[in-house]
**Student:** 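The structure follows.
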Amino acid sequence: MDAVSCSGVLPQMKLSGSDLSRSDHKFPIGRSSWRSIGSLSCNSSKGLRLVPKKLTVLCSASSDEMMFGVSRCDKKSPVGETFCAAAGVCTYGGTAVESHHSHTVEEKVGVLLLNLGGPETLDDVQPFLFNLFADPDIIRLPRLFRFLQKPLAKLISVLRAPKSKEGYASIGGGSPLRKITDEQANALRMALESKDMPVNVYVGMRYWFPFTEEAVQQIKRDRITRLVVLPLYPQFSISTTGSSVRVLQKIFRNDPYLSGVPVSVINSWYQREGYIKSMADLISKELESFSEPAQVMIFFSAHGVPLSYVKESGDPYRDQMEECIFLIMKELKARGINNEHTLAYQSRVGPVQWLKPYTDEVLVELGQKGVKSLLAVPVSFVSEHIETLEEIDMEYKELALESGIENWGRVPALGCTPSFITDLADAVIEALPLATATATPKTTSAVDHDPMRWAIKMFFGSFLAFFLFFSPKMLMAFRNHLI
């Protein structure tokens with residue numbers, strides 16, 4: 001398994017509190033002062049009016065630190081009634097909240113798709129890994145040791161590059177993620193145009209070209225007046241959507257033009273009816289390729305995260321993943337498909353505990369229990385990349401066959417499936433009225449310029465850093481888990 005299979009996660013050196021984990025959707029939303037507005041309970045709802053609609057969603061909009069129209073949404077209804085799809089975007093069968101944003105200037109709407117990114121050539125692998133591991137939401141160092149972020153990322157990326165290159169070489173020499181994401185962006189643009197909403201669609205990658213920062217600068221050059229941010233991760237995690245939005249917040253907060261652009265972030269969308277039905281369509285189609293479809297075990301394999309993300313930082317990823325599986329199976333059962341199913345987590349790296357059960361271990365157990373037919377479903381991925389093409393299609397398939405499973409199948413990623421793209425277009429339309437501008441840029445918080453305190457921090461930080469890098473246990477850990 002390749003370290004680049006992380007999709008933005010790596011075992012923490014030590015977890016510290018993250019602003020991105022303070023609410024159900026993990027964004028810093030400030031202190032809330034609750035007040036009721038009909039069936040919608042929000043604070044700081046200036047500029048919004050309530051349109052009569054049956055609504056059982058609790059939204060807590062932020063205070064003066066509000067970013068991008070982000071809010072906390074606690075789902076209260078099952079699929080088919082309310083789809084709480086995003087921070088700041090509670091979508092359901094109709095628009096319940098409309099904005100009084102001025103239309104005196106012609107609006108120019110933009111949609112920003114966010115994704116992980118991937119190396120396009122083997123020469124790109126090591127710098128891509130450096131960018132990945134330099135992210136403080138991936139290796140989460142205590143504040144005292146954050147000066148080690150880049151040196152540590154350099155060390156890990158150099159050690160991991162040879163093995164990672166082997167993985168990418170096996171799938172053609174690079175990641176297809178950029179090409180697929182560009183195709184999804186074009187398909188989404190056309191779907192929105194067919195719904196009488198002309199938009200500019202941009203692609204921003206977190207760790208490789210085109211970087212999020214590049215996309216934002218193009219948005220600024222194009223003078224976009226209203227923006228919907230759509231991360232291509234169905235479920236929220238601190239290490240994926242959270243990391244990408246943190247970058248956006250910093251850019252928008254410090255730019256006079258961008259801070260005035262109303263933005264809506266679709267935080268997660270695993271509950272959306274169109275997504276659930278699109279997944280069920282793919283699964284039911286692949287089941288028909290087996291000689292005995294009813295005997296096939298449906299094996300959901302999701303990307304893992306370290307357990308401490310969930311336990312210590314409140315990452316909702318596991319809960320959202322389990323609910324997502326429940327909704328997909330509910331849809332399949334409504335179609336008369338009652339196959340057994342299970343969920344496991346792949347792509348773990350390093351010595352710490354990750355979400356269980358692990359995909360490789362479950363495959364062996366299923367073989368030992370006599371399961372003969374298995375359909376793998378990459379549930380946390382909407383594009384083909386190294387985790388599907390190499391890890392699932394090669395590593396896990398080989399392991400499954402060696403463990404006694406005789407019939408193997410794999411559901412393709414959603415890609416540009418028309419029903420999926422149409423649902424994303426609907427999500428954008430529903431999100432647009434909820435866009436809000438960022439707060440007025442604030443002055444940089446006071447920095448501690450006490451030279452004695454700085455010297456103490458550097459001394460102890462350097463001493464412990466030396467011990468960290470050169471202690472026998474750490475060297476052994478790097479050898480066993482990173483090489």
Side-chain angles (χ1 to χ4, degrees), residues 1-10 115-133 138 156-184 205-209 232-233 240 282 286 289 299-304 344-350 354 358-364 367 374-403 405-416 478-483:
M1 186 203 64
D2 185 357
V4 85
S5 299
C6 277
S7 274
V9 289
L10 187 78
N115 214 329
L116 181 76
E120 297 176 57
T121 70
L122 296 183
D123 290 337
D124 297 337
V125 171
Q126 190 274 322
F128 166 77
L129 291 174
F130 172 80
N131 293 336
L132 176 68
F133 298 134
I138 306 308
I156 298 173
S157 65
V158 169
L159 293 173
R160 287 297 305 175
K163 185 175 181 180
S164 297
K165 286 182 179 181
E166 292 178 6
Y168 282 105
S170 70
I171 63 170
S175 171
L177 190 60
R178 178 175 182 174
K179 176 178 180 294
I180 295 171
T181 306
D182 285 343
E183 291 170 352
Q184 291 171 323
M205 300 295 190
R206 182 66 180 90
Y207 305 116
W208 203 244
F209 300 101
L232 291 176
Y233 310 107
T240 52
L282 292 179
E286 290 300 318
S289 66
F299 185 83
F300 293 98
S301 187
H303 201 293
Y345 295 92
Q346 66 181 82
S347 308
R348 71 184 188 276
V349 176
W354 284 49
Y358 300 141
T359 293
D360 53 353
E361 294 180 358
V362 173
L363 287 173
V364 174
L374 183 143
L375 179 61
V377 183
V379 68
S380 55
F381 311 104
V382 299
S383 305
E384 303 290 356
H385 53 310
I386 196 165
E387 284 92 343
T388 60
L389 299 174
E390 193 269 340
E391 193 171 4
I392 294 179
D393 288 354
M394 298 180 187
E395 293 184 29
Y396 292 146
K397 179 180 179 180
E398 181 180 359
L399 178 62
L401 296 177
E402 290 175 351
S403 301
I405 294 169
E406 298 174 357
N407 305 304
W408 168 275
R410 202 262 284 181
V411 170
L414 285 164
C416 291
F478 277 124
R479 178 171 181 172
N480 291 342
H481 299 290
L482 293 177
I483 299 178

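What's counted below: heavy atoms across the whole structure, side chains too, no hydrogens, waters or symmetry copies. Count residues from 1 along the sequence.
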**Student:** Report the distance from atom CG of Leu401 to atom CG of Leu363, rounding to the nearest 0.5 Å.
**Tutor:**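 It is 10.0 Å, given to the nearest 0.5 Å.
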
**Student:** Out of curiosity, Ser403 OG to Tyr396 OH, how far, rounded to the nearest 0.5 Å?
**Tutor:**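 Between Ser403 OG and Tyr396 OH, I get 12.5 Å after rounding to 0.5 Å.
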
**Student:** Quick one: are Glu398 and Met394 in side-chain contact, heavy atoms under 4.5 Å?
**Tutor:**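 No, too far: nothing below the 4.5 Å cut-off.
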
**Student:** Closest approach of Gly167 and Ser170, non-hydrogen atoms and distance?
**Tutor:**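 Between these two residues, the closest heavy atoms are O-OG, 2.5 Å.
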
**Student:** Any side-chain donor paired with an acceptor under 3.5 Å for Ser347 and Glu391?
**Tutor:**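 Present: a donor and an acceptor within the cut-off.
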
**Student:** With side chain to side chain contact (heavy atoms under 4.5 Å, CB included) as the criterion, how do Tyr233 and Asn115 come out once you've worked through the C-alpha distance, each side chain's angles and the decisive distance to 0.1 Å?
**Tutor:** CA-CA 8 Å; Tyr233 310 107; Asn115 214 329; 4.0 Å; yes

**Student:** Kindly indicate, with the supporting measurements, whether the criterion side chain to side chain contact (heavy atoms under 4.5 Å, CB included) is fulfilled by Leu129 and Ser164.
**Tutor:** CA-CA 9 Å; Leu129 291 174; Ser164 297; 3.6 Å; yes

**Student:** If I take atom NZ from residue Lys397 and atom CD1 from residue Ile405, how far apart are they, to the nearest 0.5 angstrom?
**Tutor:**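 Those atoms lie 12.0 Å apart.
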
**Student:** By ring pair (Phe, Tyr, Trp, His ring centres under 6.0 Å), which residues pair with Tyr358, not counting sequence neighbours?
**Tutor:**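 If we apply the ring pair (Phe, Tyr, Trp, His ring centres under 6.0 Å) test to Tyr358, skipping adjacent residues, there are no hits.
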
**Student:** Got a donor-acceptor contact below 3.5 angstrom from the Asn131 side chain to the Tyr207 backbone?
**Tutor:**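 Between the backbone of Tyr207 and the side chain of Asn131 there is a qualifying donor-acceptor contact (under 3.5 Å).
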
**Student:** Find the distance between CG (Leu375) and CG (Asn407) and round it off to the nearest 0.5 Å.
**Tutor:**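 Result: 11.5 Å between the selected atoms.
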
**Student:** To the nearest 0.5 angstrom, please state how far the CZ atom of Arg410 sits from the CD1 atom of Ile392.
**Tutor:**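 Arg410 CZ to Ile392 CD1: 6.0 Å, rounded to 0.5 Å.
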
**Student:** If I take atom CD from residue Glu361 and atom CG from residue Leu399, how far apart are they, to the nearest 0.5 angstrom?
**Tutor:**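 Glu361 atom CD to Leu399 atom CG measures 10.0 Å (nearest 0.5 Å).
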
**Student:** Hey, what's the ring geometry for His303 with Trp354, parallel, tilted or perpendicular (30° and 60° as the breaks)?
**Tutor:**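 Geometry flag for Trp354 against His303: tilted rings.
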
**Student:** Could you pull out the closest heavy-atom pair between Ser301 and Phe381, with the gap in Å?
**Tutor:**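 Taking Ser301 first and Phe381 second, the nearest heavy atoms are O-CE1, 4.2 Å.
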
**Student:** Starting from the C-alpha separation in whole Å, work towards a yes-or-no answer on side chain to side chain contact (heavy atoms under 4.5 Å, CB included) for Thr359 and Arg348.
**Tutor:** CA-CA 9 Å; Thr359 293; Arg348 71 184 188 276; over 6 Å; no

**Student:** What pair of heavy atoms forms the shortest contact from Phe133 to Ser157, and how long is it?
**Tutor:**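 Nearest pair, atom of Phe133 first, then Ser157: CD1-N, 4.2 Å.
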
**Student:** Start with the C-alpha gap between Arg206 and Thr240, add the side-chain angles, then the distance that decides, and say whether side chain to side chain contact (heavy atoms under 4.5 Å, CB included) holds.
**Tutor:** CA-CA 9 Å; Arg206 182 66 180 90; Thr240 52; over 6 Å; no

**Student:** Quick one: does any side-chain atom of Thr388 pair with a main-chain N or O of Glu384 as donor and acceptor, under 3.5 Å?
**Tutor:**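 No: the side chain of Thr388 does not pair with the backbone of Glu384.
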
**Student:** I need the minimum non-hydrogen distance between Thr181 and Leu177, along with the two atoms involved.
**Tutor:**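 For Thr181 versus Leu177, the nearest heavy atoms are OG1-O, 2.7 Å.
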
**Student:** Tell me the closest heavy-atom pair linking Leu282 and Pro412, and the distance in Å.
**Tutor:**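 In this case the closest contact between Leu282 and Pro412 is CD1-O, 3.5 Å.
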
**Student:** Within the side chain of Glu390, is there an N or O that forms a donor-acceptor pair under 3.5 Å with the backbone of Ile171?
**Tutor:**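 Here the side-chain-to-backbone pair does not exist.
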
**Student:** Checking side chain to side chain donor-acceptor pair (under 3.5 Å) for the pair Glu387/Gln346: CA distance, chi angles, key distance, verdict?
**Tutor:** CA-CA 9 Å; Glu387 284 92 343; Gln346 66 181 82; over 6 Å; no

**Student:** Using every non-hydrogen atom in the two residues, find where Gln184 and Val382 come nearest and quote the distance to one decimal.
**Tutor:**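 Closest heavy-atom pair between Gln184 and Val382: NE2-O, 3.3 Å.
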
